[in-house]
Amino acid sequence: MKRVIFAAILLAALIGFNFFCLVTLEKIKDEATEKLGELYLCAEGGNLLKTASECEKFTDYWHSEHHILSRIVRHELLDEATMSVARFVPLAKFGETGELASEINRCRFLIEEIWDSEIPFLRNIF
């Protein structure tokens, strides 16, 4: 009987931890997507100094969240998103607005793909 109770406690802990990870991932995804949308609008505006400043802020934000995400997410997509974010500041400083907008959309897509790949759907498990 003790084994059954212990197994139930372990199962509950596992489900609770996974739920916590999904909630954390969703919060980060929502924040990052919102910030990327604002960054995209800023890049379309044409103000290079403001865009470069916002890119630096997003890069700092991403690096602070990257430490959390690297513990709960597979690294392939996360590394691609980080490489995309690393290109934001140089593209903004040198006025490559078209390529910056493309990288912002790519990063947004990668973040959505990270979220989609972590949801416990049958297609993600098997």
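No hydrogens, no waters, no symmetry mates; every other heavy atom, side chains included, goes into these values.
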> Group every Ile, Leu, Val, Met, Phe, Trp and Tyr by side-chain heavy-atom contacts under 4.5 Å, then state whether V73 and I68 land in the same group.
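Yes, one cluster joins them.
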
> Do side-chain atoms of S102 reach the backbone of G98 as a donor and acceptor pair under 3.5 angstrom?
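It does not hold such a pair.
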
> What is the distance from atom CG of L110 to atom CG of L36, rounded to the nearest 0.5 Å?
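Atom-to-atom, L110:CG and L36:CG are 10.5 Å apart.
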
> Hydrophobic clustering (ILVMFWY, side-chain heavy atoms < 4.5 Å, transitive) - are L100 and F109 grouped together?
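No, F109 does not connect to L100 through the hydrophobic network.
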
> Kindly compute the distance separating CZ (R74) from CD (E118), expressed to the nearest 0.5 Å.
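R74 atom CZ to E118 atom CD measures 6.0 Å (nearest 0.5 Å).
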
> For the atom pair CD1 (I104) and CG (L39), what is the distance rounded to the nearest 0.5 Å?
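Going from CD1 on I104 over to CG on L39, the span is 3.5 Å.
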
> Show your reasoning for whether side chain to side chain contact (heavy atoms under 4.5 Å, CB included) applies to R106 and E80.
CA-CA 9 Å; R106 180 176 183 261; E80 283 187 50; 3.5 Å; yes

> Do you reckon I72 sits in the same ILVMFWY cluster as I119, going by side-chain contacts under 4.5 Å, direct or chained?
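Linked, I72 and I119 end up in one cluster.
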
> Does a side-chain heavy-atom distance below 4.5 Å link L69 with W62?
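The answer is yes; the side chains approach within 4.5 Å.
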
> What I'd like to find out is whether the side chain of L77 reaches to under 4.5 Å of the side chain of D79, using heavy atoms alone.
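No, every pair of side-chain atoms sits at 4.5 Å or beyond.
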
> Would you say the side chain of S70 lies within less than 4.5 Å of the side chain of L78, judging by non-hydrogen atoms?
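Yes - at least one pair of side-chain heavy atoms lies under 4.5 Å apart.
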
> Where the side chain of T51 meets the backbone of A92, is there a donor-acceptor pair that is under 3.5 Å apart?
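Answer holds: no.
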
> In Å, rounded to the nearest 0.5 Å, how long is the span from OG of S117 to CD of E76?
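It comes to 9.0 Å.
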
> Can you give me the closest heavy-atom contact between E54 and C42, atom names plus distance?
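Reported closest heavy-atom pair: CG-SG, 4.1 Å.
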
> Please determine whether a side-chain nitrogen of the Lys or Arg among E99 and R87 lies less than 4.0 Å from a carboxylate oxygen of the Asp or Glu.
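Judged by the 4.0 Å cut-off on N to carboxylate O distance, E99 and R87 do form a salt bridge.
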
> In plain terms, say whether K93 and E56 are close enough for a salt bridge, that is, a side-chain N and a carboxylate O under 4.0 Å apart.
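Result for this pair is yes, salt bridge flagged.
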
> Which donor-acceptor pairs under 3.5 Å do side chains of residues 8-32 form with protein atoms, sequence neighbours excluded?
| unit_1 | atom_1 | unit_2 | atom_2 | d |
| --- | --- | --- | --- | --- |
| N18 | ND2 | L14 | O | 3.3 |
| T24 | OG1 | F20 | O | 2.9 |
| E31 | OE1 | Y61 | OH | 3.0 |

> Taking atom OG of S84 and atom CD of E103, what is their separation to the nearest 0.5 Å?
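These two atoms lie 4.0 Å from each other.
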
> Could you check whether any side-chain N or O of H66 sits under 3.5 Å from a backbone N or O of T82, counting only pairs where one atom can act as donor and the other as acceptor?
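No: the side chain of H66 does not pair with the backbone of T82.
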
> Say you draw a straight line from CD of E65 to NE2 of H67; how long is it, rounded to the nearest 0.5 Å?
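One gets 10.0 Å once the value is rounded to the nearest 0.5 Å.
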
